[in-house]
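Below is one structure, written out as structure tokens; comments come after it.
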Amino acid sequence: MSAHLAIDADTPPPSVADDGVWLRCIECGADHPPFDAVIYRCPDCDGLLEARYNHLPTFADFDGTGVWRYAEALPVDGGVSINEGATPLYEVPRLTDELGLEEVLVKHEGMNPTGSFKDRGMTVGVEIAARLGVERLACASTGNTSAALAAYGARAGLEVLVLLPAGKVAAGKLAQAALHGARILELDGNFDACLDVVADLAAADEVYLLNSINPFRLEGQKTIGLEILEVFDERYGGVPDRIVLPVGNAGNTSALYKCFRELVAAGELDPDDVPALTGVQATGAAPLVEAIDAGHDTVTRWAEVETIATAIRIGNPVNAAKALPGIRETGGTAIAVSDEGITAAQGALAREGIGVEPASAASVAGLRALRNKGVVDADERVVCLTTGHLLKDPDAAAAAGTDPEPVAATTDAVRSLLAD
Ligand code: F0G
């Protein structure tokens with residue numbers, strides 16, 4: 001693991017810091033000015049970059065609600081906002097009993113303005129884009145990123161281009177990108193191919209890239225971790241033992257790890273209390289699980305990927321170099337789950353009143369699988385992230401749920417049907 005990703009790394013401000021913020025390469029440690037030129041990777045070694053600060057916030061610094069409550073932990077003090085964050089942390093008593101755990105909670109990120117956690121990153125990333133003076137924003141997407149970018153780009157009055165894998169984006173997500181006015185290109189390749197193309201355009205400065213390789217976007221996503229820790233401590237006392245989340249590009253996993261590292265460095269979180277980051281992928285798209293199982297520091301790209309959870313139908317997790325140390329250093333793990341397991345978990349959440357899209361349910365499916373394997377102990381208090389709303393993928397929801405029954409429009413006909 002790169003020394004720069006250690007859980008208690010210090011952050012001395014270098015000369016390139018602007019407003020106390022700079023970008024550091026996680027591979028070679030080189031520091032770069034944050035806002036002078038548009039860079040997504042280290043100009044020296046092509047490594048992933050992360051934002052660093054000369055001031056690490058304490059919980060006492062936070063004020064207000066939503067993502068911008070945590071402005072002290074972010075690279076800018078306000079953004080293009082449509083009230084993202086402050087999502088519910090639900091109790092699921094039946095699931096908790098069934099899994100035989102001390103506590104299972106569901107952090108429902110589908111309750112963000114565009115229905116997924118991507119809004120947390122976009123409120124920061126689109127603000128930075130606006131400050132940089134770029135005109136055209138772009139992303140590759142399995143759907144949610146494009147929906148969020150379309151909305152936040154529209155809010156900022158900027159042009160948005162989205163590259164999507166043809167036929168593999170759920171209906172709700174496509175509808176959002178369309179109505180918010182994004183230019184939508186459907187490529188005859190998978191998500192990874194779309195990302196290759198948009199990264200080429202970004203490298204040539206033809207677009208500003210807002211995929212999770214963009215280090216500023218991940219800063220906004222850190223606020224999921226801050227919210228979980230604040231609300232959990234207030235309600236239950238202490239810190240959850242484990243956070244389970246679906247993994248695609250591993251951006252969220254990386255963002256949560258960074259959140260924990262900063263809190264540890266600030267003296268706000270005991271290194272022994274850091275929640276075990278537990279990633280879940282679908283068996284048909286599980287390169288990160290493969291790397292964790294094999295003890296590798298890098299992932300091998302899967303050329304072919306398939307799963308009902310189209311949001312995480314990804315074969316080349318671009319943030320693996322940040323996420324693999326995060327999973328290992330926090331004592332977490334990663335597991336692959338079947339599409340059947342995902343659909344069953346989606347149903348279990350739905351029966352507790354929580355509607356999520358298939359990828360989101362992977363977290364609960366993964367927790368169940370790990371519990372069955374004895375990896376998760378009965379005394380654990382676990383938070384599952386559900387990353388997107390049920391309405392994102394109405395077709396999957398309808399297929400997994402009850403079927404409508406046609407009946408004549410009379411009371412007698414309805415009554416006799418009910419009597420059957
Ligand atoms: N869950 C949902 C609902 C998602 O849309 C995504 C990613 C993930 C989980 C995985 O998050 O990439 O941070 O590991 N969706 C991206 C998109 C790829 O284009 O909407 P990750």
Side-chain angles (χ1 to χ4, degrees), residues 87 107-112 114-122 138-151 162-165 168-170 172-174 176-177 182 184 187 190-195 198 209-214 217-218 220-222 224-225 243-258 277-282 285-289 299 305 307-320 322-324 326-327 334 337 342 346 355-366 384-393 396:
T87 55
K107 176 76 168 161
H108 194 6
E109 285 295 298
M111 302 298 279
N112 274 295
T114 78
S116 86
F117 70 94
K118 307 287 179 179
D119 297 349
R120 293 181 186 266
M122 289 305 172
C139 69
S141 183
T142 56
N144 282 321
T145 301
S146 61
L149 182 58
V162 303
L163 278 64
L164 309 180
K168 295 293 181 183
V169 174
K173 307 173 188 183
L174 207 49
Q176 290 177 289
I184 304 171
L187 278 65
N190 62 22
F191 166 85
D192 304 298
C194 295
L195 188 57
V198 81
L209 187 62
L210 274 156
N211 280 99
S212 55
I213 194 169
N214 183 317
R217 225 195 78 187
L218 293 188
Q221 290 176 210
K222 282 188 324 195
I224 301 176
I243 296 180
V244 188
L245 74 164
V247 173
N249 278 312
N252 239 359
T253 314
S254 309
L256 284 167
Y257 183 46
K258 185 159 192 283
L277 282 173
T278 303
V280 187
Q281 294 190 302
L288 189 112
V289 175
V299 293
V305 281
T307 168
I308 190 178
T310 52
I312 52 171
R313 187 176 170 272
I314 292 173
N316 187 31
V318 287
N319 290 298
K322 291 178 174 176
L324 289 169
I327 290 171
V337 292
I342 288 172
Q346 190 189 21
V356 307
E357 67 165 290
S360 303
S363 57
V364 171
C384 288
L385 275 195
T386 56
T387 40
H389 198 277
L390 176 155
L391 292 173
K392 289 286 195 171
D393 193 344

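Read the numbers this way: they start at 1 and go in the same order the structure lists the ligands and their atoms.
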Write out the residue and atom name of the closest protein heavy atom to atom 4 (C) of ligand 1, then the distance separating them to 0.1 Å. Ala311 CB, 3.6 Å
Could you measure the distance from the OG1 atom of Thr310 to the CG atom of Asn190? Nearest 0.5 Å is fine. 12.5 Å
Can you report which non-hydrogen protein atom sits closest to atom 2 (C) of ligand 1, along with the distance? Thr387 OG1, 3.3 Å
With heavy atoms and a 4.0 Å threshold, my read on which part of Gln221 contacts ligand 1 is neither
Ranked by distance from atom 5 (O) of ligand 1, the top protein heavy atom is Asn144 ND2, 2.8 Å
With heavy atoms under 4.0 Å as the rule, classify the contact between Ser141 and ligand 1 as side chain, backbone, both or neither. both
Using side chain to side chain contact (heavy atoms under 4.5 Å, CB included) as the criterion, list what pairs up with Ala286, not counting sequence neighbours. Gln281, Val289, Trp302, Ala336
Protein residue, atom and distance nearest to atom 20 (O) of ligand 1, heavy-atom basis: Thr145 N, 2.8 Å
Below 4.0 Å from any atom of ligand 1, is there a heavy atom belonging to Pro246? yes
Output the list of atoms in ligand 1 that are nearer than 4.0 Å to some heavy atom of Asn249, sorted by atom number. 12 (O), 14 (O), 18 (C), 21 (P)
Side chain to side chain contact (heavy atoms under 4.5 Å, CB included) filter on Leu390, not counting sequence neighbours, yields Ala397
Which residue and atom name correspond to the protein heavy atom nearest atom 15 (N) of ligand 1, and how close is it? Lys118 NZ, 2.9 Å
Thr253 contact mode with ligand 1 (heavy-atom cut-off under 4.0 Å): neither
Should Leu245 be listed as contacting ligand 1, given a heavy-atom distance under 4.0 Å as the test? no
Can you report which non-hydrogen protein atom sits closest to atom 13 (O) of ligand 1, along with the distance? Asn252 N, 2.8 Å
